[in-house]
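Data first, discussion second: the structure below is written as structure tokens.
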Amino acid sequence: MAHWLFKSEPGCFSIEDLKHRPEMTEHWDGVRNYQARNFLRDAIKVGDRVLFYHSNIPQPAVVGIAEVVRAGYPDCTALDPASEHFDPKSTAQTPIWYMVDLRYLADLKHPVTLETIKGHPLLGGMALVRRSRLSIQPVTPEEWGIILALGGITGY
DNA sequence: GCCAACGTTGGC
DNA sequence: GCCAACGTTGGC
């Protein structure tokens, strides 16, 4: 089981949005970056765990965790001319973009802010700090454990 | 709202 | 295939 960090602008899609859909899964669509796409298509598997990160706000932070319930499959929004994520180069036969489905697991009791992560001796090397623009990135088991401990939850 | 980082596009 | 121009992300 691998660990990941997914970023989202809470004004667009927040952990609350994910949480309040207990009866259904949520598509993680609209990713239009090749490196993130490769993770979605090739590496992210059912059962993997995800740190849910809120970006582009005054206090960016990891706010909760989620579980992958469906591995990479073609992103239907790329095929829909009405979607803002429409990509005319992507077709049903040769899809370019992929998405996964997530299920809400838990909120952190205490959000772990970017500031905290940057200042932590064992977290300063995270992709979040070094490659700040990558929206989907791998997390090591050690980083996962530290962030959950800082966040005040156990059992995941 | 600014701007640095950096990914993508397109002319040559 | 290089690289300048441009667009986007995301911290501040």
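Below, chain A is the first sequence line, B the second, and so on; all start at residue 1. Computed from heavy atoms alone, side chains included, the values below leave out hydrogens, waters and symmetry copies.
- Close approach of DNA chain C to chain A, defined as any atom under 4.0 Å from a non-hydrogen atom of the protein, starts and stops at C:dG7 to C:dC12.
- Judged by the 6.0 Å distance and 45° axis criteria, A:Arg37 is not positioned over the aromatic ring of A:Phe39.
- Between the side chains of A:Trp28 and A:Asp101, no donor-acceptor pair of N or O atoms lies under 3.5 Å.
- Counting only heavy atoms from C-beta outward, the side chains of A:Val100 and A:Arg70 never approach each other to under 4.5 Å.
- Taken residue by residue, residues 50-63 of chain A places heavy atoms nearer than 4.0 Å to DNA chain C at A:Tyr53, A:Ser55, A:Asn56, A:Pro60.
- Using a 30° and 60° split on the angle between ring planes, A:Phe13 and A:Phe52 fall in the tilted class, from 30° to 60°.
- Applying the salt bridge (Lys or Arg N to Asp or Glu O under 4.0 Å) test to A:Arg32 and every residue at least two apart in sequence or in another chain returns A:Asp75.
- Across all strands shown, A:Arg131 has heavy atoms under 4.0 Å from sugar-phosphate atoms exclusively, and none from any base.
- Mapping A:Arg133 and A:Lys89 onto DNA chain B by nearest heavy atom places A:Arg133 closer to the 5' end of the strand.
- Scanning for salt bridge (Lys or Arg N to Asp or Glu O under 4.0 Å) contacts around A:Lys109 gives an empty result, with sequence neighbours left out.
- With sequence neighbours excluded, the residues forming a side chain to side chain contact (heavy atoms under 4.5 Å, CB included) with A:Asn56 are A:Glu9, listed by chain and number.
- Cluster partners of A:Leu122, using a side-chain heavy-atom cutoff of under 4.5 Å among ILVMFWY residues and allowing indirect links, are A:Leu5, A:Leu51, A:Tyr53, A:Val62, A:Ile65, A:Leu105, A:Leu108, A:Val112, A:Leu114, A:Ile117, A:Leu123, A:Met126, A:Leu128, A:Val129, A:Val139, A:Trp144, A:Ile146, A:Ile147, A:Leu148, A:Leu150, A:Ile153, A:Tyr156.
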